[in-house]
Structures are given as structure tokens and as C-alpha cells.
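Below is one structure, written out as C-alpha cells, with a few remarks after it.
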Amino acid sequence: PSKDQPDRTTQDCSWQGQDCWRLLVTDFGDGLPFLQVWQRWRQDAHAPRLLHYVAFSQQVPHAAHLQQAAHTDPLLAPLVEILTQNWFGFLDGFHRFVLDQGRVHLTLCVGDSMALLRQQAFKADAIELCHLPVDAEALNTLKGIRRCCRRGTALTLQTRGIALSEVWLNALHATGFGSINGQMGSVKAVITAYEPEWLLSRDDEQAQSARTPPTRCAVLGAGLAGASVAAALARRGWQVTVLEREPKPASGASGLPVGLLVAHVSSDDCTLSQLSRAGVRLTFNEAQCLLQPGQDWAHTGVLEHRFDARATTPANWSTQGAAWCEPVLTGASTQANDPGNHTLLHRPAGWLKPAALVNAWLAQDGIALKTNTAVHAVRRGEFSWQLLDASGDILCEAEHVVLANALDAAGLLQRLAKEDDSIKLPVSLVPQTRGLRGLLSWATHTADDLTAWPSQAMNGKGSATGHVPTRSGAAWFVGASYQEATQPERSDRDNHLRNLDKLRVLNPALADTMLRALEAGRLQSWKGMRCATDDHLPLVGPVAGSAQAGLWLCVGMGSRGMSLSMLCAELLASHIGAEPLPIPVKLAKSLSATRNKASVVQTKAAGVDP
């Protein structure tokens with residue numbers, strides 16, 4: 001450790017033999033402390049399977065500063081290289097990094113520390129107060145930290161050789177922290193623990209035992225939602241069985257040949273915008289680790305054309321926002337010279353084949369896939385949940401069940417509610433989902449249109465993506481259309497023409513190539529059914545009253561499965577394991593699986609597809 005950093009060797013020994021260790025640090029600093037903890041975790045044969053490092057920062061260091069901080073120790077250099085692959089865009093809020101095959105999680109909370117601390121909902125195993133505030137702030141600081149303490153949480157105060165004042169000693173005692181006898185000399189750090197003399201509240205007592213150790217989990221559905229949940233739990237040591245009614249994974253909406261991985265941007269930085277940024281960061285990391293670039297996905301950037309006069313990015317964004325997207329001048333659209341047309345260049349964006357990501361997730365250790373397996377009912381057993389087929393035979397038993405089977409989840413919940421009175425109320429609070437049909441138009445490139453298609457994907461009025469490798473050769477894709485499942489299904493030609501109309505607005509030159517393909521009979525289609533909610537936000541969390549009941553929901557991502565699936569999976573795993581949240585509490589609540597239907601309102605902004 002440096003002269004300003006305490007020796008954490010003794011503290012790190014406390015994590016040995018644990019399946020999860022949650023460390024909260026009040027200042028990320030130059031990143032060196034995190035890198036050192038990460039390296040010690042790697043070197044410790046008895047380290048926990050999962051390490052959570054939650055740190056606060058007013059201003060995140062530049063990647064070059066991380067490299068400089070690690071310069072003294074060559075063992076840290078490869079860690080910096082891994083960490084900085086997606087080191088960009090640190091707007092105020094939470095930023096989750098999943099490292100080391102999903103076993104090290106860094107959550108950077110950027111902004112006002114005390115305000116952000118109230119947006120976390122976990123109990124830390126250890127907390128490090130990196131800088132002692134002035135005496136007048138001692139009590140409020142410790143009260144804020146206490147929110148993340150369970151009985152026995154270790155607290156390290158970096159004193160840097162300065163003895164604690166009487167005010168600090170009194171504040172420690174008043175907030176429930178134990179004795180620091182024998183540590184009042186010229187030490188760099190004082191270590192104590194949260195051991196209040198009073199009884200904890202019922203909520204705090206429940207939080208003490210909220211963590212569910214890894215056991216068996218059955219996941220229904222092998223699309224983006226189900227596969228991401230399976231991967232997140234398997235990385236935490238769970239034995240996961242995925243049941244899919246179709247002959248292969250990604251047979252539903254996740255079978256889309258190619259889609260755009262791009263964040264949503266709104267002038268008011270709405271809930272969906274914040275969620276999609278968090279999700280894109282996580283999915284980018286998954287693609288970089290699991291997929292073949294140029295074949296399964298490509299980081300091409302995305303040009304978004306907006307055909308109205310609204311502001312393009314939030315006015316209060318810091319300069320960090322430009323790493324996500326920024327306005328550009330382009331002549332690609334029909335209204336390029338119209339001051340009402342705004343074009344955004346999304347930098348962390350590109351195209352991705354969902355099925356490739358689904359298969360990569362399901363191939364991970366700890367996951368067993370059962371295809372051609374239709375679940376007709378879910379039943380609560382004495383010690384576990386039972387999944388039944390149409391004949392009433394048990395297909396699978398598990399202590400936890402995650403319904404990630406899109407529109408089919410609602411029917412299972414309704415059947416369960418009829419047989420189990422304890423589930424009726426929570427099921428009644430689950431917002432309804434609805435089906436949205438979609439058709440994607442595509443064709444292989446010809447020698448004539450190959451140069452006409454730009455390397456960058458684009459969206460705004462529908463979307464258009466070219467130069468995507470397929471078994472038939474390089475191809476372009478346009479769409480997809482939207483239609484409520486309750487309406488009579490439109491013909492393929494009708495949907496092609498609707499996609500063509502949008503492309504005429506987005507890029508007239510490309511519309512000509514699509515029209516020629518349609519007239520020549522070369523235009524092909526892919527059709528699927530999306531599962532969406534009225535407020536366009538997924539349903540993620542426990543259904544049966546509490547996390548301990550073991551019944552979970554992860555559905556309703558609409559057209560944003562690639563952007564949101566991994567985020568939803570991490571959020572679900574955080575709920576199950578009482579881990580630090582990947583997003584603030586207020587955002588997590590907006591995704592609650594049992595949010596009151598009476599409070600669900602239409603929040604669709606003009607021009608935003610569900």
C-alpha cells in the first residue's frame with residue numbers, strides 16, 4: 001500500500017470462505033485501491049466467489065490516470081487494460097462493470113456521495129471511509145454510512161496518523177459503532193465495526209438474512225431475458241435449468257437476425273434513457289467478452305436522425321455525455337438542411353445478433369438447457385417450486401423460479417393465483433403485458449448496392465443496417481414494423497411497404513435499393529412477437545411477496561432486449577443475493593414486477609417505439 005493507504009491484508013482475510021463480499025468505499029480516488037483489492041482477490045485461493053466493490057466519486061479519473069496509478073506495480077497493468085475497455089461516459093449516477101468472468105463487480109456511483117448512498121439498498125460486509133469530514137459533519141456522515149451496515153460490518157476510517165477528535169468518538173458511539181481501544185496512536189487507519197447496543201428494527205433484521213446463497217433455479221424461456229438471467233446466476237454459483245418450449249434457444253423475438261445496440265436519448269433524460277445507458281454498457285462488455293467481432297456484432301456507431309425541433313440531448317449533461325452521443329452534421333436524410341432535423345452520433349453503439357449472445361450465455365458452466373419443454377403450470381411444493389407439463393407431471397423442481405418466457409408468463413401466474421390464495425394479491429399488482437408483431441425486411445447485397453450502404457447503422461424512422469454477414473452473404477436489414485397482436489395480422493407485403501416508407505424518410509437512396517429488391521422478389525422477411533408493457537419498462541423482481549418466496553419475473557422488454565436484458569438480469573440477481581444494485585433505487589423501483597397497475601401510465605414519447 002502507498003503511504004496514504006492502510007494495509008488491508010487483515011481486512012481481506014475476513015472475506016475468506018464467503019461466497020460473496022460487499023465492500024463500500026467512499027472515494028474511488030485514482031482507482032489504485034480498487035486495482036489492489038482486485039489483485040489480492042485474484043491471488044487469494046480462499047477469496048469469495050463474488051466480489052462487489054462499490055465506490056463513490058465526484059469525478060472519475062481518466063483512463064490515463066488509472067494507468068499512471070498502476071505504474072508502480074506491473075501486475076496491475078493487465079487489470080487496467082480490462083477495466084478501461086468501456087471507461088467512458090461517466091454522467092451522474094451508477095455505472096456497473098462486470099469483470100473477471102462475472103465474478104468481480106465494480107459499481108461507480110458518480111455525484112454527491114450522501115445522495116447516492118441513499119440510492120443503494122444493500123448491507124456491506126466492510127466499509128472504508130477514505131477521508132474524514134470535519135467534526136461538524138461526523139454524525140451525519142456516519143448516519144449515512146450506517147444505512148449500508150449490518151451487525152458486524154467492518155468500518156475503516158483513514159485517519160492518516162491524526163487522532164480522532166472527541167466529536168468523532170461520540171458520533172461513532174451514537175451511531176452504533178464499537179470500540180476503537182488501542183488504535184488511538186499515530187496509525188493510518190482506525191478499524192471498528194457496527195455493533196449497536198440496541199435491537200435492530202424488523203427491516204434491518206430481515207436485511208441481515210436477506211441474502212439467498214446459491215442453490216437451484218429454474219428459468220423459463222431461452223431468449224435474451226432468460227439466457228441473461230441464467231448467465232448472471234450461474235456466474236454466482238447457482239445451478240440453473242433453462243426450460244424452452246421451442247426446439248432451440250432464441251426462437252421468439254430474440255431470434256431477430258440482427259438488431260441495434262444503442263442507448264435511448266431524451267431531452268429530459270427520462271427513466272428509459274438512464275436505464276438504456278446502463279444496459280448498453282453491460283451488453284457491450286458481454287459482447288466484447290463472448291462474441292466474435294465482425295461476425296456476431298460490430299461496434300460501428302449509430303446515426304440517429306430526428307425529424308422534429310426538440311432538443312437532442314439533455315441541457316444539464318456534463319461533458320461526459322459526449323462519449324455517449326453528440327449532434328453531428330450530415331446530409332444523409334431528406335431533411336439534412338432543415339433546422340428541425342437533428343442527427344445524433346451514438347458512439348458506444350452498433351449491430352448485434354441476439355441469438356449469438358443467447359447461445360454464448362447458455363453455454364456457460366452451471367447452466368442446463370432443456371428444449372422442447374413446455375411448462376403448463378407452476379406449483380408451490382413443500383421445499384421448492386415444481387414446474388408441470390400439461391399432464392401434471394413434474395418437469396423440474398427448484399428453490400427459485402424465474403419466469404422469463406415473455407407473454408406466456410402472465411398465463412402461468414394467473415393459473416397459479418387460482419390455486420394459491422397467497423399469490424392472488426401480488427399477481428394482481430403485476431402490470432399487463434401485450435404482444436407487438438414485427439417484421440424485419442432484408443436482402444443480400446448486390447454488387448450495385450454494396451457501396452450505397454454506409455458502414456454505420458442508422459435509426460430514427462425505423463432502422464437500417466448494412467454489411468452484416470449471413471450464411472447467404474453480406475446483407476442489409478430494414479425495420480422492424482409494429483402491430484398490436486390484437487389486430488388482424490397484416491400481410492408481409494404490407495409490412496415491407498411500411499418499412500420502405502420509413503426508409504424513404506430516413507435515407508432515400510437506400511429506399512431505392514429496397515424497392516428494387518422488392519420488385520425483383522429478392523426481399524426476405526423475419527417475423528416475431530415482442531412482449532411489451534404499457535409504460536415501456538420491463539417487469540423485474542419478486543412476484544410472491546418477498547425474495548425468500550423464490551418466484552421471480554423478468555419480462556416485457558419490448559424492442560430493447562439487447563439493451564436491457566443484461567441490466568435486468570443483474571438487477572434480479574442483486575435482489576436475490578442482497579447485493580449492491582446496478583442502478584439507483586428509484587430506477588429499480590420503476591421496474592418492479594408488482595408495481596401497482598393503477599399507477600402505470602402511458603409514458604411513450606413521440607417518435608419512441610415501445
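Just the heavy atoms: all of them, side chains too, but no hydrogens, waters or symmetry mates, feed the values below.
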Can you tell me how far CH2 of Trp41 sits from CG of Leu51, rounded to the nearest 0.5 angstrom?
7.0 Å

Counting only heavy atoms not in Gln487, do more than 12 sit closer than 6.0 Å to its CD atom?
yes

Return yes when atom CZ of Arg380 has more than 12 non-hydrogen atoms of other residues, nucleotides or ligands closer than 6.0 Å, and no otherwise.
yes

Side chain of Ser463, backbone of Gly479: donor and acceptor closer than 3.5 Å?
yes

Going by distance alone, is a donor N or O of one side chain under 3.5 Å from an acceptor N or O of the other, for Ser266 and Ser273?
yes

Please identify which of these residues, Thr373, Asn405, Asp408, Asn372, meets the side chain to side chain contact (heavy atoms under 4.5 Å, CB included) condition with Arg245.
Asp408

Can you tell me how far apart CG (Leu539) and CE (Met557) are? Round to the nearest 0.5 Å.
9.5 Å

Give me the ring orientation class for His445 and His467: parallel if the planes are under 30° apart, tilted from 30 to 60°, perpendicular past 60°.
parallel

Derivation of the side chain to side chain contact (heavy atoms under 4.5 Å, CB included) call for Gln120 and Thr107
CA-CA 11 Å; Gln120 267 296 358; Thr107 307; 4.2 Å; yes

Using a distance-only test with no angle check, is there a side-chain donor-acceptor pair under 3.5 angstrom linking His105 and Glu570?
yes

Flag, side chain of Arg281 to backbone of Arg277, donor-acceptor distance under 3.5 Å
no

Which distance, rounded to the nearest 0.5 Å, do you find between the CD of Gln85 and the CZ of Phe97?
11.0 Å

Just verifying a value: how many Å separate Leu436 CG and Gln483 CD, rounded to the nearest 0.5 Å?
9.5 Å

Does Val262 form a side chain to side chain contact (heavy atoms under 4.5 Å, CB included) with Glu304? I'd like the steps, not just the answer.
CA-CA 10 Å; Val262 58; Glu304 179 186 356; 5.7 Å; no

To the nearest 0.5 Å, what is the distance between CD1 (Ile423) and OG (Ser428)?
10.5 Å

Under the 3.5 angstrom rule, does the side chain of Arg22 hit a backbone N or O of Tyr53 as a donor-acceptor pair?
no

Keeping Ser251 on the side-chain end and Lys248 on the backbone end, is there a donor-acceptor pair under 3.5 Å?
yes

Any non-hydrogen side-chain atom of Leu439 less than 4.5 Å from a side-chain atom of Lys527?
yes

SB check Lys461 Asp501 (cutoff 4.0 Å):
no

Residue pair His376 / Leu395, side-chain heavy-atom distance below 4.5 Å
no

Kindly state whether the ring of Phe477 and the ring of Trp453 have centres lying under 6.0 angstrom apart.
no

For Arg530 and Arg437, indicate whether the former's side chain and the latter's backbone hold a donor-acceptor pair under 3.5 Å.
yes

Neighbour count >12 (heavy atoms, 6.0 Å) for atom CZ, Arg493:
no

